[in-house]
Amino acid sequence: MWAIRILTGALAGKTYSLKEGDNYIGRGSQADIRLQSAGVSKDHCVITVNGNKVILLDKNSSNGTFVNGSKVVQKQLNNGDKIGIHDVLADVQYNVIPFPNMTQQTSNSFSAGNPNYSEEQNMYSQSPDLNQPTATKAPTNLKESIQVYVDNVVMPAVYRLIEVFEMKWVLGSFVLGFILLVTSLSMIPMMQITKRGIEKESQRRALTIARNIANINGRLLEQGLTGSLSVASASREEGVKLAVIVDAKNSQIIAPASKVGTFENNPFLNTIRSKPYEFVNNLGNSTIGASVPMQAYNADLQTATIAAYAVVIYDISALSIDDGQTLSLFVQTLAIALLLGYILFYFMYRIIEKPIFELNRSIDGAMKQTGSVTSKYVFPILQPLIVNINSLLNRTSSSAEGGGSFYVDRNSEAQNIVRLFEGPSFAVNKDLVIIDCNLSFENLTGIISGNIQQQGLDRLNDQALILSIQDLIERAKMQPNLIATNAIEFNGNSMELDVQAISSDKEIEYYIFSIKNGGVQ
């Protein structure tokens, strides 16, 4: 069954069971759960229970309803959620009621013999323990299977790391591992791109050498001086494995002179006869073949025809990057990645550290002085923690009587005093932060209480009012036992703004302001 437990205020510690259907909460006599706080509206909110679904709805309350620190109009509640009903804090509980046979039989026997025994006394209620494993449904698809594996196998091992090692070293090791992995994997496409670039450049170079052979020997071939053909300059080029001129009719080598009349055992030489144009092709992982046709005048056909081919077999390794260059490229890339990774790690760690540091400072301030713990950072996981801390601080202050000292929550005190005024009134603490205002002030100025609570004076958006408040505070500091007064205008009407400083034994704690008709004479 569902229930809410009051954590702060006069009813702290009391638990209310939620019936199926609507459960009204407020200060009015018709409320199912009556809260004794002036800031709670008569009909503040309603919690509707529909089986396992619980919905909270704010009933246009004056001071709002909050769930886990966020103001809401409507919100589905879960077990453990914290509800803020103005200054009253409560948590949502779901109690499991087991019915084991032996227990049921025993309880039935006991209740049969004891007419005063109630069903509620027979219930065994237990809130779920978040530290104990809970039964979950079996995964139905690959995504759910992966999620279950990560949650139950991977993440417990990761969490164990931060129990053994300091957080920054664990975070740093993850960043370092990411850098090494990404740098290593990035070398694969980088080397592939480099290889394609080298192949393209090797093809261009091989074709250029073949063209040079054709240009140098073209005139000699036209004159029929085949014995004078030469490929010596091409053979001396770096990376050239073979440079020859072959006859177009029978693929016999006609240059260089040392190979004239022979046939080269290379499949590429057999394919070029069907290529009456410049041709280049990869012959393997490390070899490229290029051919350029050479024309000569054919007396029988009385036209120029292809008489021979200038052929070059080129070794790609002449342009490839060696292992030393590859290692140097990897080291340079890794060094840049490490530098950027360190910068990333620095900012990540500081971003994680800052909200925790500020929260700790806020807790320290709340323990030394009155007030509550707040956080200005958009970090949802901190909000339930802040709600719990404020609850603990309020409960501690409420039970401080056993220690021989009486603790007064000055913020709550100022809020209560403001609400005692029928006319417009508001309170400002010693740090010039607005504590609260009453409904009359809201009606006069159009400023909603929830928009200015725990905010600076500039949130009032009325420069004349701000200057008047600052002037009155300075005068109240000089004469804290007297009421200081200023004339001020609201909506065209002359009004009187009064202030009274409220002091402790040591210093002024806050200022109570009231507004009434009639300017200062």
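Counting heavy atoms from C-beta outward, Ile435 and Arg410 have side chains that stay 4.5 Å or more apart. Between Leu465 and Phe513 the shortest side-chain heavy-atom distance does not fall below 4.5 Å. With a 4.5 Å cut-off on side-chain heavy atoms, Ile469 and Phe426 count as touching. Under the 4.5 Å side-chain criterion, counting only non-hydrogen atoms from C-beta, Asp462 is not in contact with Thr445. Between Val175 and Tyr346 the shortest side-chain heavy-atom distance does not fall below 4.5 Å. Looking at Val418 and Phe441, their side chains never come closer than 4.5 Å, going by heavy atoms from C-beta outward. You'll find the side chain of Ile6 reaches within 4.5 Å of the side chain of Tyr16, heavy atoms only. Proximity of Leu338 to Leu334: side-chain heavy atoms (C-beta onward) are separated by under 4.5 Å at one or more points.
In the displayed structure, Glu163 atom CD is contacted under 6.0 Å by more than 12 heavy atoms of other residues, nucleotides or ligands. Heavy atoms of other residues, nucleotides or ligands lying less than 6.0 angstrom from NZ of Lys14 number 12 at most. More than 12 heavy atoms of other residues, nucleotides or ligands lie within 6.0 Å of CD in Gln76, so this atom counts as buried by the packing criterion. Within a 6.0 Å radius of CD in Glu166, more than 12 heavy atoms belonging to other residues, nucleotides or ligands are found. Under a cut-off of 6.0 angstrom, the local environment of CE in Met167 is sparse, with at most 12 non-hydrogen atoms contributed by other residues, nucleotides or ligands.
Looking only at atom types and distance, the side chain of Ser362 has no donor-acceptor partner in the side chain of Glu358 under 3.5 Å away.
Of the inter-residue distances, the one linking Ile508 atom CD1 with Gln500 atom CD reads 9.0 Å to the nearest 0.5 angstrom. Put simply, CG on Leu11 and CZ on Arg34 are 10.5 Å apart, with the number rounded to the nearest 0.5 Å. Taken from CG in Leu171 to CD1 in Ile352, the straight-line distance is 5.0 Å, to the nearest 0.5 Å. Between atom CD1 of residue Ile417 and atom CG of residue Asn438 there is a gap of 12.5 Å, rounded to the nearest 0.5 Å. From Ile488, atom CD1 reaches atom CG of Leu472 across 8.5 Å, with rounding to the nearest 0.5 Å. Taking NZ from Lys354 and OH from Tyr349, the interatomic distance works out to 14.0 Å, rounded to the nearest 0.5 Å.
Residues Phe66 and Asn63 share a closest heavy-atom pair of CE1-O, 3.7 Å. The shortest heavy-atom contact between Ser425 and Ile512 is OG-CG2, 4.1 Å. Residue Gly341 comes nearest to Ile179 through the heavy atom pair CA-CD1, 3.4 Å, listed as atom of the first residue, atom of the second, then distance. Ile434 and Gly456 make their closest contact through CD1-O, 3.8 Å (heavy atoms, listed as atom of the first residue, atom of the second, distance). When all heavy atoms are compared, the tightest approach of Val499 to Ala476 is CG1-CB, 4.3 Å. Among all heavy-atom pairs drawn from Leu457 and Ile466, the shortest one is O-CD1, 3.3 Å.
A donor-acceptor pair under 3.5 Å is absent between the side-chain atoms of Thr183 and the main chain of Leu180, judged by distance alone. With Asn416 contributing its side chain and Ser412 its backbone, the two residues share a donor-acceptor pair below 3.5 Å. At distances below 3.5 Å, not a single donor-acceptor pair connects side-chain atoms of Asp498 with backbone N or O atoms of Ser514. Checking side-chain atoms of Glu496 against main-chain N and O of Thr485 turns up no donor-acceptor pair under 3.5 Å. Using a distance-only test at 3.5 Å, with no hydrogens or angles considered, no donor-acceptor pair links the side chain of Asn517 to the main chain of Met495. A distance-only check finds no donor-acceptor pair linking the side chain of Asn451 to the backbone of Ile447 [under 3.5 Å]. Asn23 places a side-chain N or O within donor-acceptor distance of the main-chain N or O of Gly21, the cut-off being under 3.5 Å. Not a single donor-acceptor pair under 3.5 Å links the side chain of Ser468 to the backbone N or O of Ala464. Although no hydrogens or angles enter the test, the distance criterion places no donor-acceptor pair under 3.5 Å between the side chain of Arg459 and the main chain of Gln453. Between the Gln192 side chain and the Met187 main chain, no donor and acceptor come within less than 3.5 Å of each other.
Ion pairing of Arg419 with Asp436 is present here, as a side-chain N (NZ or NE/NH1/NH2) and a carboxylate O approach within less than 4.0 Å. The pair Lys477-Glu474 meets the salt-bridge criterion, since a charged nitrogen lies less than 4.0 angstrom from a carboxylate oxygen.
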Taking only distance into account, with no hydrogens and no angle test, what donor-acceptor pairs under 3.5 Å do side-chain atoms of residues 41-56 form with protein atoms, sequence neighbours excluded?
unit_1	atom_1	unit_2	atom_2	d
Ser41	OG	Ser62	N	3.0
His44	ND1	Ser41	N	3.0
His44	NE2	Ser61	OG	3.3
His44	NE2	Gly64	O	3.0
His44	NE2	Thr65	OG1	3.3
Thr48	OG1	Asp22	OD1	2.7

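Using bins of under 30°, 30° to 60° and over 60° for the plane-to-plane angle, the ring pair Trp2/Tyr94 lands in the tilted bin.
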Would you sort out whether Val72 and Asp58 count as a side-chain contact (heavy atoms from CB on, under 4.5 Å), showing the intermediate values?
CA-CA 7 Å; Val72 299; Asp58 182 78; 5.9 Å; no

Report the C-alpha distance between Lys75 and Asp81 in whole Å, list the side-chain angles of each, state the deciding distance to 0.1 Å, and finish with yes or no for salt bridge (charged side-chain N to carboxylate O under 4.0 Å, His left out).
CA-CA 11 Å; Lys75 177 76 173 178; Asp81 282 348; over 6 Å; no

Give the intermediate values and the outcome of side-chain contact (heavy atoms from CB on, under 4.5 Å) for residues Asp32 and Leu18.
CA-CA 9 Å; Asp32 296 304; Leu18 299 177; over 6 Å; no

Pair Ser440, Glu422 - check side-chain contact (heavy atoms from CB on, under 4.5 Å), show working.
CA-CA 7 Å; Ser440 297; Glu422 291 186 4; 5.7 Å; no

List the steps, then state whether salt bridge (charged side-chain N to carboxylate O under 4.0 Å, His left out) holds for Arg196 with Glu199.
CA-CA 5 Å; Arg196 285 195 294 268; Glu199 288 179 353; over 6 Å; no

Would His86 and Leu35 satisfy side-chain contact (heavy atoms from CB on, under 4.5 Å), going step by step from the backbone distance to the final call?
CA-CA 10 Å; His86 184 50; Leu35 301 179; over 6 Å; no

